[in-house]
Amino acid sequence: VLPLPPSPLDDLLAVRPTVQLRGRIETEAVLASQSRASQAAIGDLQNGYGFRRVRLGAQGTVGDAASWVSEVELAGGTVRLRDVFVGLDAVPGVRQVRVGHFREPYSLEGKTSSNFITFLERSPVNVLAPARNWGVCGFWWPDDERVLASVGAFRDGTSSGGQSVGDGDNWAYTARLTGLPVYDPDGAVFRLVHVGGAVSQRVPPNGVITFVPRTASNLLTVEDNPGSPFLPSVDIPANGYQLYNLQAAGVYGPVSVQGEWS
């Protein structure tokens, strides 16, 4: 029996697109109990109930050549872009080249999805980590996926609405290298050790570096939640600056520890 010759339909099936819905809903509540002294100092804190994260999106592939993600945040009644990018998966020499609006490859906690962080909020040190910006980034990993290297160029200062407007040279160049010297998902006890580091060379928008720690709860108003006195907003005039990061984490069964230095 002679094999049938290749059909144009085979090529179409090889690049058939796929689409999968994605998203998350996370709620929170604040129940305040105060002494008279506390009420006199900061006012009467109100109880609150609301949504911390309400995200809706989709992801998909186009054969083995490309993948994509598009996700928006709806919590608080304001639409904000989150991950919106296209991944080119057939570029020689790398596993993926990502183009669009996404998190820079920098910190451990910043790169961990909110689906998997330990608490509802990330730690205060996350204010030093670059967030989502417009950019292009290359990713490489071996077949066993025990090492991940990434390097990219990003437009620093992209707004939560996905806008980066201006003639300023506020570009950032970020690189990260991480590894799993211990990874045992199939043993009697799940074990994992993560180590890594990152560096970023940046030009701040308008010549000013700005670190603005966010409040610990979105349900408390600005007047009720003045923020920690140990985390003031910081503005530093500069033509450029560098960020450095070391990170490590360990998991042994239900116990996990992690830390990082920036």
Side-chain angles (χ1 to χ4, degrees), residues 15-31 47-89 95-124 126-127 129-139 141 145 148 150 152 154-155 157-164 174 176 178 185 190 192 194 212-221 249 251 254 256 258:
V15 296
R16 182 173 57 185
T18 65
V19 178
Q20 180 182 5
L21 295 179
R22 57 183 278 166
R24 70 199 68 170
I25 298 176
E26 299 177 5
T27 63
E28 63 176 328
V30 171
L31 303 177
N47 297 337
Y49 310 87
F51 293 102
R52 175 59 184 90
R53 298 177 179 94
V54 180
R55 296 186 186 173
L56 180 64
Q59 62 187 37
T61 61
V62 182
D64 297 327
S67 56
W68 57 272
V69 171
S70 179
E71 187 175 63
V72 296
E73 172 68 63
L74 305 174
T78 302
V79 177
R80 298 180 295 276
L81 290 183
R82 286 302 183 244
D83 292 324
V84 183
F85 62 83
V86 173
L88 305 178
D89 302 321
R95 294 284 189 164
Q96 184 183 80
V97 174
R98 188 174 294 180
V99 182
H101 183 265
F102 53 94
R103 276 190 181 273
E104 296 186 31
Y106 183 74
S107 74
L108 171 60
E109 194 166 37
K111 284 293 291 181
T112 302
S113 167
S114 59
N115 285 328
F116 305 110
I117 56 178
T118 304
F119 302 102
L120 190 66
E121 303 294 339
R122 291 181 170 89
S123 65
N126 191 60
V127 71
R132 292 175 175 86
N133 283 306
W134 278 102
V136 55
C137 187
F139 299 86
W141 60 88
E145 300 183 358
L148 173 62
S150 48
F154 299 87
R155 186 73 172 171
T158 303
S159 70
S160 61
Q163 304 297 321
S164 178
T174 305
R176 182 175 183 246
T178 62
F190 179 88
L192 176 151
H194 163 101
V212 182
R214 62 179 306 277
T215 57
S217 172
N218 289 343
L219 298 180
L220 297 176
T221 65
V251 178
S256 66
Q258 70 181 65

Is the closest side-chain heavy-atom distance between L192 and H194 below 4.5 Å? yes
Show the numbers, then the answer: is there a side-chain contact (heavy atoms from CB on, under 4.5 Å) between V19 and W68? CA-CA 9 Å; V19 178; W68 57 272; 4.0 Å; yes
Locate the shortest heavy-atom distance separating V251 from S256; write the atom from each residue and the value. CG2-CB, 3.9 Å
R24 vs S113, side-chain contact (heavy atoms from CB on, under 4.5 Å): CA-CA, chis, key distance, verdict: CA-CA 11 Å; R24 70 199 68 170; S113 167; 3.5 Å; yes
For N126 versus G110, what's the shortest heavy-atom pair and its separation? OD1-CA, 3.5 Å
Please determine whether side-chain contact (heavy atoms from CB on, under 4.5 Å) holds for the pair Y49 and L31, giving the CA-CA distance in whole Å, both sets of side-chain angles, and the decisive distance to 0.1 Å. CA-CA 9 Å; Y49 310 87; L31 303 177; 3.2 Å; yes
Give me the one residue out of R80, R82, R22 that meets salt bridge (charged side-chain N to carboxylate O under 4.0 Å, His left out) with E71. R22
Give, for atom OG of S114 and atom CG of L120, the distance between the pair rounded to the nearest 0.5 Å. 8.5 Å
Donor-acceptor under 3.5 Å (Q96 side chain, R98 main chain): no
Under-4.0 Å salt bridge between R53 and E26: yes
Could you tell me the separation between the NE2 atom of H101 and the CG atom of N133, rounded to the nearest 0.5 Å? 6.5 Å
Can we say R132 and D83 salt-bridge, meaning some charged N sits less than 4.0 Å from an Asp/Glu carboxylate O? yes
In Å, rounded to the nearest 0.5 Å, how long is the span from OG of S150 to CD of E104? 10.5 Å
With sequence neighbours excluded, tell me which residues meet ring-ring contact (aromatic ring centres under 6.0 Å, His included) with F139. none
So CZ of R122 and CD1 of I117: to nearest 0.5 Å the spacing works out to 4.5 Å
Pick one: which of W134, Y106, F102 meets ring-ring contact (aromatic ring centres under 6.0 Å, His included) with F154? F102
Any chance the side chains of T112 and Q258 put a donor and an acceptor closer than 3.5 Å? no
If you count heavy atoms of other groups shown closer than 6.0 angstrom to CD1 of I25, is the number above 12? no
Locate the shortest heavy-atom distance separating A249 from L108; write the atom from each residue and the value. CB-CD2, 3.8 Å
Decide yes or no on side-chain contact (heavy atoms from CB on, under 4.5 Å) for L74 and V79, but give the supporting numbers first. CA-CA 5 Å; L74 305 174; V79 177; 3.8 Å; yes
Could you list the residues that satisfy salt bridge (charged side-chain N to carboxylate O under 4.0 Å, His left out) with D89, not counting sequence neighbours? none
Where the side chain of E109 meets the backbone of S123, is there a donor-acceptor pair that is under 3.5 Å apart? yes
